[in-house]
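The structure appears right after this line, and notes come after that.
Residue numbers start from 1 in every chain, and the chains themselves are labelled A, B, ... in the order their sequence lines are given, proteins ahead of strands. These numbers were taken from a predicted model, which means no experiment stands behind them.
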2 protein chains.
Amino acid sequence: MAIAACCSPESTTPFTHDDATRLARVFAALGDPIRLKLFTLIARDPSQEVCACSFVVELQRSQPTISHHLKILREAELITGTKRGTWIWYSVNTQALSEVREFLS
Amino acid sequence: MAIAACCSPESTTPFTHDDATRLARVFAALGDPIRLKLFTLIARDPSQEVCACSFVVELQRSQPTISHHLKILREAELITGTKRGTWIWYSVNTQALSEVREFLS
DNA sequence: TTGATATATTGACAAACATCAATATATCAA
DNA sequence: TTGATATATTGATGTTTGTCAATATATCAA
């Protein structure tokens, strides 16, 4: 293979595969246009909390599809939802967000 | 639908679908553990430039697989590669990176 | 309790993705 | 030119993903 001819062989990956997988899941959660819009709508709402009911109309996707995308964002811990009666109010998990920001700096 | 009952109907997505798609592609590029490691290896190298030849051994993936992932990172404009003779030296596109960072803040 | 509404789950399907073996291209050295 | 090496492309395969219709669950109001 002769890789030693051009590269130092002992440089290693800076985190474990598990860490990489977990962080990759966060990026992947933002890696879809609909979820990116969902996240932005939640993050940029003046009240910092948004009820899910508008997303179907706003993003022109079916209710199950929106629900599915919100679940992915929740599982990546980018957002949290609290139920108040019939509605769920979403807000951004600022700690997860700063971890991502820290990785990128 | 009675969505007006809980949400102001005129709140709108803060960017176009095309913009969301383009930015989502950048996040998706980081949304795979192998690519996240590739990116990190390139970004954290002291010399700021890394030749591709070590990645096969380091990340335990075949050469075509590494080549494929590097292409995705390149197409997302997260990295750039310059050919010097037989080898290609990769470095991070810092401007694309700050655009992503800006989105997250 | 009955009806309406908000959200979640299931099942299905087409499209996209990660991966590798095989092959191709390009560069360098002898 | 010939052989070796670095990277890219192609083709194939199994897996994951985005989407929706149908259905389920939960909450509220009458």
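Per the geometry, NE2 belonging to A:H69 stands 8 Å off C1' belonging to D:dT19, to the nearest Å. Look at CG on B:L38: it is 10 Å from P on C:dT19, rounded to the nearest Å. Rounded to whole Å, atom P of D:dA4 lies 17 Å from atom CH2 of B:W87. Protein atom CG of A:L30 is 15 Å distant from nucleotide atom P of D:dT17, rounded to whole Å. Rounded to a whole Å, the CD1 atom of B:I72 is 8 Å from the C1' atom of C:dA18. Atom NZ of A:K37 and atom C1' of D:dG18 are 15 Å apart (whole Å). Look at CG on A:D32: it is 13 Å from C1' on D:dT16, rounded to the nearest Å. For A:E75 and D:dG18, the CD to P distance is 12 Å, given to the nearest whole Å.
Looking only at side-chain heavy atoms (C-beta outward), A:I88 and A:T82 stay at 4.5 Å or farther from each other. Side-chain contact check for A:V26 versus B:F27: every heavy-atom pair is 4.5 Å or farther apart. Residues A:S62 and A:T65 are in side-chain contact: their nearest non-hydrogen atoms beyond the backbone lie under 4.5 Å apart.
A distance-only check finds a donor-acceptor pair linking the side chain of A:T16 to the backbone of A:D19 [under 3.5 Å]. With hydrogens and angles disregarded, no donor-acceptor distance shorter than 3.5 Å links the side chain of B:D45 to the backbone of B:V50. With B:R84 contributing its side chain and B:W89 its backbone, the two residues share no donor-acceptor pair below 3.5 Å. B:N93 places no side-chain N or O within 3.5 Å of a backbone atom of B:I79 that could act as its donor or acceptor partner.
Recorded end-axis angle for the helix from C:dT1-D:dA30 to C:dA30-D:dT1 stands at 30°, based on five pairs per end and rounded to 10 degrees.
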For a quick check, with a 4.0 angstrom heavy-atom cut-off, what is the B/S/- contact string for nucleotides 20-28 of chain D, read 5' to 3'? BBB---SSS
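Contact annotation: A:K71 side-chain N/O to C:dT9 OP1/OP2 distance is under 4.0 Å.
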Hey, can you pull the donor-acceptor pairs under 3.5 Å for the side chains in residues 66-76 of chain A, sequence neighbours left out?
from, atom 1, to, atom 2, distance (Å)
A:H69, ND1, A:R35, NH1, 3.0
A:R74, NH1, A:Y90, OH, 2.9

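Distance CD/A:Q60 to CZ/A:F55: 14.5 Å, rounded to 0.5 Å.
Of the listed nucleotides (D:dG18, D:dT19, C:dT7), D:dT19 has the atom at the smallest distance from the side chain of A:I34.
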